[in-house]
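Some notes on the structure that comes next.
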Amino acid sequence: MTITSFIPTQRTLMGPGPSDVSARVLSALARPTIGHLDPLFIDMMDEVKSMLQYAFQTENAHTIALSAPGSAGMEACFVNLVEPGDKVIVCINGVFGMRMLENIKRIGATPVIIESPWGRAVEVQKVEDALKSNPDAKFLAFVHAETSTGARSDAKTLGALAKEHDCLTIVDAVTSLGGSELRVDEWQIDAIYSGSQKCLSCVPGISPVSFSERAAEVITSRGAPIQSWFLDQSLVMGYWSGQGKRAYHHTAPVNSLYALHESLVMLQEEGLEQCWQRHQNMHNELANGLQALGLDFIVPEQERLAQLNAVYIPEGIDDGKIRSFLLNEYNLEIGAGLGDFAGKAWRIGLMGHAARKENVALCLAALQDALNQ
Ligand SMILES: *Cc1c(COP(=O)(O)O)cnc(C)c1O
């Protein structure tokens with residue numbers, strides 16, 4: 001048999017990511033590939049940096065797009081900042097907090113684990129107690145938008161608490177960037193990472209990251225070299241900065257960065273706050289419809305993410321059957337439950353370009369049809 005071109009079916013992506021990519025971003029991918037050290041490309045990289053500063057609401061000079069998915073952004077934050085033996089307070093209220101813990105353990109650092117119930121925000125009081133009883137802790141790590149449960153934590157308050165106790169913050173904003181209010185400088189966040197394929201609605205495989213001045217100092221003044229050569233930010237910075245002169249580190253995903261550039265231009269055109277508001281508006285519509293279908297949310301209203309709606313699967317309903325029906329009959333993808341919620345919940349994403357009225361209507365009609373069958 002001869003293998004021929006792969007032509008995927010057009011789907012509507014309303015899961016936990018990747019989200020729908022607009023035709024405009026897809027067409028940016030098809031522009032001619034140029035050299036990654038071409039002056040034209042370097043100028044474009046600088047524009048990506050400045051638009052990411054806008055998206056993160058930061059003036060951090062070290063704000064770049066890592067050539068790898070969100071998980072690499074997570075690993076980059078941990079391996080660059082945390083050294084063996086360092087004490088790290090890590091908040092766990094879902095799958096991605098557990099991955100943070102895994103990074104801390106592999107570095108040989110000492111985690112102090114703060115557990116909050118899955119489906120709830122990180123409990124601020126517990127974090128404050130941990131900061132008080134661990135004055136030698138160097139870092140506070142938490143997930144802003146926990147995609148496994150749909151809970152949003154209070155990054156502003158946690159950031160302020162960390163500063164009071166002289167801790168640097170490491171924050172997962174993979175699902176929050178572009179979808180929820182996020183102000184890196186005002187909230188005193190030191191290291192933050194995101195992903196291209198969630199609320200930025202770009203193709204997967206790129207991780208925007210930003211490091212504060214203080215974090216950058218820790219990176220340049222650490223004792224042992226960073227164990228990951230590829231993620232070593234002191235080297236990657238030579239590739240992403242410098243007046244027209246860039247040191248080759250690796251080859252950036254040239255066309256994927258065109259796509260990220262385009263999605264960030266779209267974010268600027270819409271306006272960051274307007275974009276947050278659109279996610280909230282679409283969430284309100286979807287939530288009303290889901291509740292009318294008798295589906296209950298996992299997360300209490302004031303801690304809910306607009307862009308990730310986790311609802312319990314009703315008693316007696318077959319999870320797999322419903323999701324296959326949506327995919328086969330409506331070309332609609334929604335997310336399965338993850339971790340503690342596997343088989344017990346659906347996760348409906350309203351991320352970036354997917355957060356539109358027509359998607360909300362499609363999802364509600366398709367779910368109704370599926371539940372009736
Ligand atoms: C998706 C996600 C990640 C991982 O990103 P990848 O691009 O899949 O590696 C990390 N954290 C959170 C909160 C996520 O939603």
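Each ligand, and each atom within it, is numbered from 1 in the order the structure gives. The first residue of the sequence shown is numbered 1, and numbering continues consecutively from there. Hydrogens, waters and symmetry mates are skipped; everything else that's a heavy atom, side chains included, is used.
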Any atoms of ligand 1 less than 4.0 Å from a non-hydrogen atom of [X]? List them with their elements.
| X | value |
| --- | --- |
| Q197 | 6 (P), 7 (O), 8 (O) |
| T147 | 12 (C), 13 (C), 14 (C), 15 (O) |
| A145 | 13 (C) |

Among all protein heavy atoms, pick the one closest to [atom] and tell me residue, atom and distance.
| atom | value |
| --- | --- |
| atom 4 (C) of ligand 1 | S71 OG, 3.6 Å |
| atom 6 (P) of ligand 1 | G70 N, 3.5 Å |
| atom 3 (C) of ligand 1 | F96 CE2, 3.5 Å |

- Message: Check this for me: does any side-chain nitrogen of one of D20 and R356 sit under 4.0 Å from a carboxylate oxygen of the other?
- Response: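 Counted as a salt bridge, because a side-chain N and a carboxylate O are separated by less than 4.0 Å.
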- Check each of E146, R152, H144, Q307 against S176 using the side-chain hydrogen bond (donor to acceptor under 3.5 Å, both in side chains) test, and report the only one that passes. H144
- Query: What residues form a side chain to side chain contact (heavy atoms under 4.5 Å, CB included) with Q125, not counting sequence neighbours?
  - Reply: E128, D129
- Message: If I apply the N/O under 3.5 Å rule, does T175 come out as touching ligand 1?
- Response: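 Min N/O separation from ligand 1 is below 3.5 Å for T175.
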- Message: If I apply the N/O under 3.5 Å rule, does D172 come out as touching ligand 1?
- Response: yes
- Taking all non-hydrogen atoms of both residues, which atom of M282 and which atom of V360 are closest, and how far apart?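 Looking at all heavy atoms of both residues, the shortest contact is O-CG2, 3.9 Å.
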- Item | Residue selection (non-hydrogen contact nearest atom 2 (C) of ligand 1) among M351, Q307, K198 |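 Comparing heavy atoms across M351, Q307, K198, the nearest one to atom 2 (C) of ligand 1 lies in K198.
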- Task: Return the set of residues passing salt bridge (Lys or Arg N to Asp or Glu O under 4.0 Å) with E181 (not counting sequence neighbours), or none when no residue passes.
- Result: R183
- Task: Compute the ring centroids of H249 and W229, then answer whether they are less than 6.0 Å apart.
- Result: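 They qualify: ring centres under 6.0 Å apart.
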- Query: Can you tell which of L81, D86, T110 makes a side chain to side chain contact (heavy atoms under 4.5 Å, CB included) with K138?
  - Reply: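 Testing each of L81, D86, T110 against K138, the sole residue satisfying side chain to side chain contact (heavy atoms under 4.5 Å, CB included) is D86.
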